[in-house]
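Data first, discussion second: the structure below is written as structure tokens.
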Amino acid sequence: MHIDGAFEGNIIAKNSVTIGKNGSVKGSINAEHLMVSGKLMGNCDCNMVEILPQGRIDGEVAAREIIIEKTAEFVGQSIVHKDRQHQDAFSKDKKALSNTANTTSTEAKS
């Protein structure tokens, strides 16, 4: 998806979203890859966020990878997700649930 005009609202995309030099988005974006040459006023949750020269994001960015190029602007807060941390936490929770399930089924047999 390529935006080169004014857009207000939330965007959910499976692939990439590009905000062109003349583009302006007011809302949140959830996509695999976000490239900003224009302006985003809102939050984004993506795998990769690139703020290209002359691009600007005002808001919260949650991503695995954030690239801010020279003359780009970012005003807000960033959260970097790391897959391993999430997998480890999930594995521990899954293991705990598995142990609980085994204990429950063992007690049911007794």
Side-chain angles (χ1 to χ4, degrees):
M1 171 184 279
H2 186 93
I3 300 164
D4 230 345
F7 180 86
E8 188 169 335
N10 299 327
I11 299 170
I12 299 172
K14 289 183 180 179
N15 295 316
S16 66
V17 173
T18 301
I19 302 174
K21 290 180 183 180
N22 299 317
S24 173
V25 174
K26 188 174 185 180
S28 65
I29 297 176
N30 187 328
E32 181 68 25
H33 186 189
L34 173 63
M35 293 178 287
V36 181
S37 292
K39 295 178 184 173
L40 170 62
M41 306 236 349
N43 302 331
C44 63
D45 189 351
C46 306
N47 247 353
M48 176 187 268
V49 175
E50 291 183 71
I51 309 174
L52 302 172
Q54 309 305 315
R56 179 181 175 104
I57 294 180
D58 284 310
E60 190 173 291
V61 174
R64 282 186 53 217
E65 187 175 351
I66 301 170
I67 300 168
I68 303 172
E69 295 203 10
K70 190 174 182 177
T71 72
E73 297 178 17
F74 174 58
V75 179
Q77 179 177 338
S78 65
I79 300 166
V80 178
H81 297 293
K82 295 188 187 230
D83 286 342
R84 288 184 181 175
Q85 289 177 349
H86 291 292
Q87 288 174 352
D88 290 344
F90 180 73
S91 296
K92 289 176 188 175
D93 290 342
K94 190 174 180 180
K95 201 176 216 181
L97 288 173
S98 175
N99 288 341
T100 304
N102 288 339
T103 303
T104 305
S105 58
T106 303
E107 291 173 355
K109 290 179 184 176
S110 297

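When reading the values below, keep in mind they use all heavy atoms of this one structure, side chains included, and skip hydrogens, waters and symmetry mates.
Judged as a side-chain contact (heavy atoms from CB on, under 4.5 Å), and not counting sequence neighbours, the contacts of Gln54 are Thr71. With sequence neighbours excluded, the residues satisfying side-chain hydrogen bond (donor to acceptor under 3.5 Å, both in side chains) with Glu32 are Asn47. Applying the side-chain hydrogen bond (donor to acceptor under 3.5 Å, both in side chains) test to Glu73 and every residue at least two apart in sequence or in another chain returns Arg56.
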Determine, step by step, whether Asn30 and Cys44 satisfy the side-chain contact (heavy atoms from CB on, under 4.5 Å) criterion, reporting the C-alpha distance in whole Å, the side-chain angles of both residues, the deciding distance to 0.1 Å, and the verdict.
CA-CA 6 Å; Asn30 187 328; Cys44 63; over 6 Å; no
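For the pair Val61/Ile66, a side-chain contact is recorded, criterion being any heavy-atom separation below 4.5 Å from C-beta on.
If you take SG on Cys46 and CG on Leu34, they are separated by 4.5 Å, rounding to the nearest 0.5 Å. Taking CD1 from Ile29 and CZ from Phe7, the interatomic distance works out to 8.5 Å, rounded to the nearest 0.5 Å. Annotation: the span from Phe74 atom CZ to Ile67 atom CD1 amounts to 14.0 Å, rounded to 0.5 Å.
Taking hydrophobic clusters as Ile, Leu, Val, Met, Phe, Trp and Tyr residues chained together by side-chain heavy-atom distances below 4.5 Å, Met1 shares a cluster with Ile57.
Counting non-hydrogen atoms of other residues, nucleotides and ligands closer than 6.0 Å to CE of Met48 gives a total above 12.
Sorted by first and then second residue, the salt bridge (charged side-chain N to carboxylate O under 4.0 Å, His left out) pairs involving residues 36-54 (not counting sequence neighbours) form an empty list.
Nearest heavy atom pair, residue Ile79 against residue Glu60, reads CD1-OE2, 3.8 Å.
When hydrophobic residues (I, L, V, M, F, W, Y) are linked wherever their side-chain heavy atoms come within less than 4.5 Å, the members clustered with Leu52 are Met35.
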Using residues 8-27 as the side-chain source, report each donor-acceptor pair under 3.5 Å to any protein atom, sequence neighbours left out, with the distance given to one decimal.
| unit_1 | atom_1 | unit_2 | atom_2 | d |
| --- | --- | --- | --- | --- |
| Asn10 | OD1 | Ser28 | N | 3.0 |
| Asn10 | OD1 | Ser28 | OG | 2.9 |

